[in-house]
Amino acid sequence: MANLRISEWRKLPVSLAELCLDTTLRCGQSFRWKKFNNEEWSCALHGRILSLKQDDTHLHYRSIRPNNTSSLSPPASAKTSVLDALNEDEETEALIKQYLNFTPDLTSLYEQWSSVDANFKKRAPKFTGVRILKQDAWEALVGFICSSNNNIVRISQMVHNLCLHYGPLIGHIDDQAFHDFPPAEALTGPKVEGHLRELGFGYRAGYIAKTAKIVAKEKPEGWLESLCNHSHDPDQKPPQGGREGYRTAHEELLHLQGVGPKVADCVCLMGLGWGEAVPVDTHVWQIAQRDYKFGKGKHKSLTKTTYDAVGDYFRQLWGIEAGWAHSVLFAADLKTFSERLTTKVEVDIDEVKIKKEDGNVVESKVTIKREYLVDEVKDEFEDEKPNGVVIDGRSRRAKRRRVV
DNA sequence: CCTCGCCCTTGAGC
DNA sequence: AGCTCAAGGGCGA
């Protein structure tokens, strides 16, 4: 609304292979990004509203900041405000590079994964540019506590409500309020659990309230962030079970309320930067059964040991950034993106019209076009079938007869 | 170690 | 209209 500083649009050279905003921001990693004008993504982050859009060659960004944050700094002359703007632009750029996690080279990673995994090679082409975000660890933790027995739409609604009631207001875009994510301390009050229940969080209300208390009061300042990964070595092969730092982070997170192996792995991967974390949820478990021969013998059901076995299998298959590859297949399995897996096929239909005009029978044969949706990625067994598209069990070249 | 019932809520499918 | 079920699980017995 009033008193907002809107920066100019700036841009970074980024290809669609390195980042696809639409897939990355909608695949259930983060729950707060909102799309405007069918191209512009916005989210309140670190005291500003960040907006992103992209074309074939560049990522465009700008920030919107409240004007009253500089109350502590000396009155700004024209000169210093220009400097501030420059610093702010640099800072925003740094935030983007951090948040979008630009260090790993996705293009070569996709090549690598495709060369060792035929299934990945088959499914990935429609889901390029899926990056693992490096989100704030606390936000990731709360978001994924909300995710249990839940769907992305409702999780987003819950997180939105959480920010609305407990997060600081940053500003508005077109009547839309943007609140930052609330810090853990903001969720330690005695009425939080009951309030969250009223807001529809269900049994997760207790988890969040308790976890907030543990993080804000029992653990030392900066504890969550201390579990972060700082190294980046793309050629490293992860040891069995992952690197030491990942294992400790995972173990530590399990002590929190509402955090089991899956949620802990989500936080490790998307909030703490541990690329080898492979969250195995119902979707990934189904993928493991469908495409990687799990679900039989020793690993019939998703027990803790099976959970670890699935993660270890993907780590040895895909390498140190296994969690990144996993997210590509996860996205490829989401119903949200299912339209990408079908392709419109134009089918010729021979239509024979029989017109009766004054007793005369006029027959004319017309060929009309019709569009059908056909699955592109077929199952293993279907690849063996002879050529020829089959639509709903009917043959491709249908014939119809109609009397006009 | 594995298995189950339970936990909240919403929407889809029937 | 009412029921079941799944939606990116976790916990306790």
Side-chain angles (χ1 to χ4, degrees), chain A residues 23-33 123 127 130 132-133 135 139-162 192-215 250-271 277-292 294-312 314 322-338:
Chain A
T23 316
T24 301
L25 297 182
R26 290 202 302 144
C27 70
Q29 290 192 60
S30 60
F31 305 102
R32 294 199 295 133
W33 287 90
R123 301 186 189 272
F127 294 89
V130 180
I132 293 296
L133 303 172
Q135 304 176 70
E139 173 172 354
L141 176 56
V142 176
F144 288 109
I145 286 177
C146 291
S147 76
S148 75
N149 260 326
N150 215 339
N151 56 69
I152 295 177
V153 175
R154 187 177 163 218
I155 300 165
S156 304
Q157 189 58 48
M158 286 161 65
V159 171
H160 177 257
N161 269 327
L162 191 71
V192 169
E193 177 173 351
H195 186 209
L196 292 182
R197 273 189 181 271
E198 286 173 17
L199 291 176
F201 280 66
Y203 58 84
R204 304 161 197 88
Y207 292 161
I208 293 172
K210 290 182 187 101
T211 291
K213 281 177 190 161
I214 296 175
V215 171
H250 192 268
E251 191 184 333
E252 286 289 313
L253 290 170
L254 287 181
H255 293 298
L256 301 169
Q257 285 294 309
V259 181
K262 186 267 176 182
V263 171
D265 271 326
C266 286
V267 178
C268 282
L269 179 62
M270 299 157 199
V278 180
V280 183
D281 52 44
T282 56
H283 284 200
V284 177
W285 174 233
Q286 282 171 25
I287 292 170
Q289 294 175 87
R290 185 190 64 199
D291 300 333
Y292 299 94
F294 276 89
K296 288 175 273 196
K298 192 179 186 312
H299 300 303
K300 205 172 171 70
S301 64
L302 188 53
T303 64
K304 173 60 178 155
T305 37
T306 303
Y307 184 98
D308 292 335
V310 172
D312 282 334
F314 285 137
W324 289 58
H326 134 282
S327 286
V328 177
L329 295 191
F330 177 80
D333 240 49
L334 278 181
K335 212 159 47 177
T336 324
F337 301 128
S338 60

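So that the names make sense, note that chain A is the first sequence line, chain B the second, and so on, each numbered from 1.
- Between the base of B:dT10 and the side chain of A:Arg154 there is no donor-acceptor pair shorter than 3.5 Å.
- We find that NZ of A:Lys335 is positioned 16 Å from P of C:dC5, with the value rounded to whole Å.
- Protein atom CG of A:Asn161 is 15 Å distant from nucleotide atom C1' of B:dC8, rounded to whole Å.
- Distances from the side chain of A:Pro261 to the nucleotides B:dT3, C:dA7, C:dG10 place C:dG10 closest.
- Contact between A:Met270 and A:Ser327 at its shortest, heavy atoms only, is CE-OG, 4.4 Å.
- Remark: C1' of B:dT10 and CG of A:Leu199 are 16 Å apart, rounded to the nearest angstrom.
- Using a 4.0 Å cut-off, no side-chain N or O of A:Ser147 falls inside it from OP1 or OP2 of C:dA7.
- A:Arg204 has no side-chain polar atom (N or O) that falls below the 4.0 Å cut-off from OP1 or OP2 of B:dC7.
- Classified by interplanar angle (parallel below 30°, tilted 30° to 60°, perpendicular above 60°), the ring pair A:Phe294/A:His299 is tilted.
- Under 3.5 Å, the side chain of A:Asn149 and the base of C:dG9 form at least one donor-acceptor pair of N or O atoms.
- Closest to the side chain of A:Tyr203, from the set C:dG8, B:dC8, C:dG10, is B:dC8.
- Summarising the geometry, the separation between CD1 on A:Ile208 and C1' on C:dG10 is reported as 13 Å, rounded to the nearest angstrom.
- Across B:dG5 and C:dC5, the matching P atoms stand 13 Å from one another, rounded to whole Å.
- Comparing C:dG8, B:dC1, B:dC7 against the side chain of A:Phe330 picks out C:dG8 as the nearest.
- Side-chain atoms of A:Tyr307 stay outside donor-acceptor range of the base of C:dG9, with no qualifying N/O pair under 3.5 Å.
- Taking the six-membered ring for Trp and the full ring otherwise, A:Phe330 and A:Phe337 have centroids separated by 6.0 Å or more.
- Using a 4.0 Å heavy-atom criterion, one finds that A:Val280 contacts no nucleic acid atom at all.
- Minimum atom distance to the side chain of A:Thr305 is reached by B:dC1, of the listed C:dA7, B:dC1, B:dT3.
- Nucleotides B:dC8 and C:dG2, compared at atom P, are 24 Å apart to the nearest Å.
- A:Gln157 places its CD atom 10 Å from the P atom of B:dG11, with the value rounded to the nearest Å.
- Checking the phosphate oxygens (OP1, OP2) of B:dC2, a side-chain nitrogen or oxygen of A:Thr303 falls inside 4.0 Å.
- Between A:Ser148 and B:dC7, a side-chain N or O to OP1/OP2 separation shorter than 4.0 Å is absent.
- Residues A:Tyr207 and A:Phe201 place their aromatic rings such that the two centres sit no closer than 6.0 Å.
- Phosphate contact (OP1/OP2 of C:dG9, side-chain N/O of A:Thr282, threshold under 4.0 Å): present.
- If you take CD1 of A:Ile132 and C1' of C:dG8, they are 13 Å apart, rounded to a whole angstrom.
- Within the 4.0 angstrom heavy-atom criterion, no nucleotide atom of any strand lies near A:Ile287.
- Counting non-hydrogen atoms under 4.0 angstrom, A:Leu334 reaches nothing in the nucleic acid.
- Taking only distance into account, the side chain of A:Lys262 meets the base of C:dG8 through a donor-acceptor pair shorter than 3.5 Å.
- Using P as the reference atom, B:dG13 and C:dG8 are 14 Å apart when rounded to the nearest Å.
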